[in-house]
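Here's the structure we're looking at; comments come further down.
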Amino acid sequence: MMNPNPQSSARLALHRFSLGLLVVAAVSCQVQSPPVSPPGGTGTPTGQPSPISAAPESGLYRSDRFGFQFAYPAEQFVAHGETDFPPEVVAREAVQIWTIDHDRAIQAGEYEGGTEYPANVSVTVQPNPEGLSATDWIAQSDWFTDVREVQEVTVAGQQAIAFRSSGLYDMEQVLVPTPDGKNWVLITLNQVGTGESDAQYRQAYDRAIATLRFTP
């Protein structure tokens, strides 16, 4: 798997900033609670996690640092993980999932010069040092705007929440606590609202949620 070149890495940082996922933005958060159907794979309690499918078409991302893993359709997507961030970035680990075509375009520099990166799927680890509940953590956070359609779901055997928020794109998100309660795994689907790209990235989003597992 190729890693983004230095110029692309800098632009990716700006992309994440504009999405409001990793860098604190000075915005207010108002949580509303009308229910919404949970994303695929989030609605059924799992009890003891089962092994991730070893299907040939599945790629696997594993975080040894935070003890989780998830699968993605490797015939369509690539996943780039990062753990080294500047001080202003609050995330501890971030994974950007791109279609193969989008990743090739990024590597080729097609998004340099100010062109915004396409909407994609991200999986980030966010700190929860005070051990807050999901709704309390979102309510006190400055990272989300127009939070709505909040619903309790079960992901990887953990009580989590699914919700929507707004930023550069419309976002569907699932916030899952790590078993020790010290961090969150935030899975985000960024959507432009039109075209085939949203439907394609939803496959990666749904699969990440359905296959998320915490490992010893």
Side-chain angles (χ1 to χ4, degrees), residues 1-29 59-70 72 77-99 102-103 105-107 109-132 134 137-138 140-145 147 156 160 163 165-169 171-190 201 204-205 208-209 212 214-215:
M1 179 186 302
M2 293 186 298
N3 290 320
N5 59 40
Q7 292 80 13
S8 293
S9 296
R11 290 274 292 118
L12 282 170
L14 294 175
H15 171 74
R16 292 193 298 271
F17 178 86
S18 65
L19 295 182
L21 295 178
L22 302 181
V23 182
V24 174
V27 295
S28 62
C29 173
L60 183 68
Y61 182 90
R62 181 183 178 93
S63 170
D64 293 329
R65 180 182 180 188
F66 294 104
F68 70 89
Q69 62 186 33
F70 63 87
Y72 59 92
F77 298 93
V78 296
H80 294 294
E82 298 179 61
T83 57
D84 187 17
F85 302 107
E88 67 271 17
V89 175
V90 295
R92 296 179 172 181
E93 186 163 347
V95 187
Q96 300 294 330
I97 302 175
W98 304 101
T99 64
H102 281 159
D103 184 62
I106 291 169
Q107 302 296 336
E110 293 183 17
Y111 291 92
E112 300 303 325
T115 302
E116 185 55 59
Y117 281 96
N120 71 329
V121 172
S122 66
V123 180
T124 65
V125 177
Q126 310 283 356
N128 184 27
E130 297 179 1
L132 299 176
W137 186 80
I138 290 176
Q140 60 82 48
S141 174
D142 290 330
W143 302 349
F144 309 97
T145 58
V147 176
F163 62 101
S165 66
S166 299
L168 178 63
Y169 302 114
M171 294 176 280
E172 290 187 29
Q173 297 172 289
V174 171
L175 187 66
V176 187
T178 56
D180 62 8
K182 295 180 180 179
N183 295 285
W184 300 106
V185 176
L186 178 66
I187 305 175
T188 301
L189 170 65
N190 302 292
Y201 275 109
Y205 177 70
I209 293 170
L212 179 67
F214 292 102
T215 56

Which atom of [X] lies closest to which atom of [Y], heavy atoms considered:
X	Y	answer
Val95	Ala79	CG1-CB, 3.9 Å
Tyr61	Gly81	OH-CA, 3.7 Å
Gly181	Asn128	O-ND2, 3.3 Å
Ala160	Leu175	CB-O, 3.1 Å

* Qualifying residue for side-chain contact (heavy atoms from CB on, under 4.5 Å) with Glu93, from Val185, Val123, Val125 ->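 Exactly one pass, corresponding to Val125.
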Approximate separation, where rounding is to 0.5 Å, of [X] [atom1] and [Y] [atom2]:
X	Y	atom1	atom2	value
Gln126	Thr178	CD	OG1	12.0 Å
Glu116	Tyr111	CD	OH	10.0 Å
Phe70	Leu60	CZ	CG	8.5 Å
Glu112	Tyr117	CD	OH	5.0 Å
Ile106	Asn120	CD1	CG	7.5 Å

Side chains of [X] and [Y], heavy atoms from C-beta outward: is any pair under 4.5 Å?
X	Y	result
Met171	Phe144	no
Asp103	His80	yes
Phe214	Val176	yes

Contacts of Asn183 meeting side chain to side chain donor-acceptor pair (under 3.5 Å) (sequence neighbours excluded), chain-then-number -> Arg92
Point to revise | Test salt bridge (charged side-chain N to carboxylate O under 4.0 Å, His left out) applied to Asp64 - qualifying residues, sequence neighbours left out | key: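 Once residues adjacent in sequence are excluded, the partners of Asp64 under the salt bridge (charged side-chain N to carboxylate O under 4.0 Å, His left out) criterion are Arg62.
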Practice item. Assign the ring pair Trp184 / Trp137 to parallel, tilted or perpendicular, where the plane angle (0 to 90°) is split at 30° and 60°. Key: tilted
Which of Trp98, Tyr205, Tyr201 passes ring pair (Phe, Tyr, Trp, His ring centres under 6.0 Å) with Phe77? Answer is Tyr201
Between Ser63 (side chain) and Phe68 (backbone), is there a donor-acceptor pair under 3.5 Å?
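The answer is no, because no donor-acceptor pair under 3.5 Å joins these two groups.
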